[in-house]
Amino acid sequence: MKALVTGGAGFIGSHLVDRLVNQGIEVVVVDDLSMGNIKNIKNRNLVTIYVEDVCNEQFMQRLLKQEKFDYIYFLAAVASVADSIDRPSETHEINHNAVLQTLEFIRVSKLKIKQFLFTSSAAVYGNLPDLPKKETSCVDPISPYAIDKYATERYVLAYDALYNIPTVCVRFFNVYGPGQNPTSPYSGVLSILTDCLKNNKLFTLFGDGLQTRDFIYVEDVIQALWLITESDAHRQVFNVANGREITLNDIIQTYEKIAGHKLSICKETGRDGEVKRSLANIDKLTSLGYSAKWSLKKGLSEYWKGV
Ligand code: NAD
Ligand code: UD1
């Protein structure tokens, strides 16, 4: 079995690569290292890694034709809502067009794949008041990032329905854990919090801290992805989350206790295009045999131990 992981040197991608290698799958990574780092991949000596842009159509087509992948996990993306608001057109090329180009090449070249998995986001649900979000809940994407993720989902599912390419979409909620790059102002909040607590840096809190997120530890995400691959699911969307809602203020307090000291905080107005509350219904994932192994306290403690 052979798998392509785009964004495989990134936070979630590198954990996935390690799992796939442990499952005995031959893995190829394409990552431009804009946020990723080859050192994130533990088994990197067993993996073929191309430092390339997924928007490079010629390169991607050559690779797809040559390698004939069984599985494609499309994780490469600019993962930040705020960054997509600052660079809507550039991020659209990666977050939408690159995925569509890849699927289109699979279609015209009649490549046989077992599963094409696209990593979408909870951001597609937006700010509609109903909670928790089910896969069938109405969506209301309010940032270029969320719009790209939702539009891409629709294409991904249509390539299954219209052209029989087995595809699946996962809507990750907020993922945290080792390997998330904290160095950009657009980085995930828990990587920034960890960096600030560790190095006594000032943390900027956007808004009142009452915004909520459903945080899931990266190991549980990998459990979910592998279950979805094993299930041969296709033409489906899955929420991938913990199923618990917590405010940013509460997570800061919990993390301060684990770290054993207070965080220095400065407050700024809330960011545009943000979701206020986020919580998943994970019944569909659970029906595949998923059960979270990492509570927030356990996940944060493990993360903290490793930094
Ligand atoms: P990440 O930034 O760590 O990983 C993305 C990887 O893609 C990085 O290694 C980056 O270098 C690479 N990349 C970016 N642009 C590229 C390009 N043009 N060509 C090749 N590689 C490129 O982010 P992550 O948190 O691991 O996210 C992985 C996927 O999951 C993304 O699609 C993201 O939108 C999605 N997602 C993440 C979360 C989360 O909470 N982290 C939640 C929902 C969805
Ligand atoms: C995150 C992911 C996104 C994913 C979405 C799914 C990243 C960078 N973003 O977006 O890929 O699709 O979850 O729900 O991984 N905040 C601060 N200070 C900071 C940074 C953030 O207060 O320094 C706040 C933000 O304003 C926001 C919350 O923390 O209210 C979470 O922010 P962030 O980690 O960027 O996540 P999302 O925008 O939820």
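Just so you know, ligand 1 is whichever comes first in the structure, and atom 1 is the first atom listed for that ligand. It should be emphasised that the depicted structure is a prediction, and the values quoted were computed from it without experimental measurement.
- Looking at ligand 2, you'll find an N or O of Gln211 within less than 3.5 Å of one of its N or O atoms.
- Closest heavy-atom approach to atom 6 (C) of ligand 2 within the set Ala146, Ser121, Ser143: this belongs to Ser121.
- Taking 4.0 Å as the cut-off, Glu268 does not count as a neighbour of ligand 2 on heavy-atom distance.
- Protein heavy atom nearest atom 5 (C) of ligand 1, with residue, atom name and distance: Ala77 O, 3.8 Å.
- Ion pair Lys2/Glu67 flagged as a salt bridge, since at least one NZ, NE, NH1 or NH2 atom sits closer than 4.0 Å to an Asp/Glu carboxylate oxygen.
- Taking a 6.0 Å sphere around CZ of Arg244, one finds it holds 12 or fewer heavy atoms contributed by other residues, nucleotides or ligands.
- Nearest non-hydrogen protein atom to atom 21 (N) of ligand 1 is Asp32 N, 3.1 Å.
- For a threshold of 3.5 Å applied to N or O pairs, the pair formed by Ser278 and ligand 2 contains no separation below that value.
- In terms of protein heavy-atom proximity, atom 2 (O) of ligand 1 is nearest to Met35 CB, 3.5 Å.
- In this structure, Arg213 does not pair ionically with Asp250, as no charged nitrogen and carboxylate oxygen lie closer than 4.0 Å.
- For a threshold of 3.5 Å applied to N or O pairs, the pair formed by Thr119 and ligand 1 contains at least one separation below that value.
- Only the backbone of Thr204 comes within contact range of ligand 2, with a heavy atom under 4.0 Å; no side-chain atom does.
- With Val175, Leu16, Thr6, Val218 as candidates, the residue nearest to atom 40 (O) of ligand 1 on a non-hydrogen basis is Val175.
- With a 4.0 Å heavy-atom cut-off, ligand 2 is reached by the side chain of Tyr145 but not by its N, CA, C or O.
- Looking at Lys149 against ligand 1, only its side chain comes within 4.0 Å, counting heavy atoms.
- The contact set between ligand 2 and Leu205, taken as ligand atoms under 4.0 Å from a residue heavy atom, comprises 22 (O).
- Not a single N or O atom of Phe172, backbone or side chain, sits closer than 3.5 Å to an N or O atom of ligand 2.
- The shortest N or O to N or O distance between Phe173 and ligand 2 is not under 3.5 Å.
- Scanning the protein for heavy atoms near atom 42 (C) of ligand 1, the closest one is Phe173 O, 3.1 Å.
- Distances from atom 18 (N) of ligand 1 to the heavy atoms of Asn181, Asp53, Leu190 show the closest one on Asp53.
- Judged by distance alone, with hydrogens and angles left aside, the side-chain atoms of Lys149 form a donor-acceptor pair with the main-chain N or O of Thr119 at under 3.5 Å.
- Between Ala79 and ligand 2, at least one N/O pair is under 3.5 Å apart.
- Judged by distance alone, the side chain of Asn239 and the main-chain N or O of Lys133 form a donor-acceptor pair under 3.5 Å.
- The side-chain contact (heavy atoms from CB on, under 4.5 Å) with Phe74 is formed by just one residue from the set Thr102, Leu117, Thr167, Thr152; it is Thr102.
- Between the choices Val78, Ile12, Val124, Asp31, the shortest heavy-atom distance to atom 9 (O) of ligand 1 belongs to Asp31.
- Scanning all protein heavy atoms for the shortest distance to atom 44 (C) of ligand 1 gives Ser120 O, 3.2 Å.
- Summarising the contacts of atom 28 (C) of ligand 1 with Asp83, Val51, Leu75, the nearest heavy atom is found in Leu75.
- Residue Ala76 touches ligand 1 through backbone and side chain together, judged by heavy-atom distances below 4.0 Å.
- Nearest protein neighbour of atom 1 (P) of ligand 1, counting heavy atoms only, is Phe11 N, 4.0 Å.
- Looking at Ala122 against ligand 1, nothing comes within 4.0 Å, counting heavy atoms.
- The shortest N or O to N or O distance between Glu274 and ligand 2 is under 3.5 Å.
- Every heavy atom of Phe11 sits 4.0 Å or more from the atoms of ligand 2.
- Under a hydrophobic-cluster definition in which Ile, Leu, Val, Met, Phe, Trp and Tyr are linked whenever side-chain heavy atoms come within less than 4.5 Å, directly or via other members, Leu63 and Leu75 are assigned to different clusters.
- Among all protein heavy atoms, the one lying closest to atom 23 (O) of ligand 1 is Ala79 CB, 3.8 Å.
- Of the options Lys276, Arg213, Met35, Arg271, the smallest heavy-atom separation from atom 35 (O) of ligand 2 is shown by Arg271.
- When hydrogens are left out, the protein atom nearest atom 4 (O) of ligand 1 is Gly10 CA, 3.7 Å; that is the closest non-hydrogen contact.
- Residue Ala9 places a heavy atom under 4.0 Å from ligand 1.
- Results of the ring pair (Phe, Tyr, Trp, His ring centres under 6.0 Å) test with Tyr217 over Trp294, Phe173, Tyr303 single out Trp294 as the only residue that passes.
- Between the side chain of Asn127 and the main chain of Glu274, a donor-acceptor pair closer than 3.5 Å is present.
- Salt-bridge formation is not detected for the pair Arg171/Glu135: no Lys NZ or Arg NE/NH1/NH2 atom is positioned less than 4.0 Å from an Asp or Glu carboxylate oxygen.
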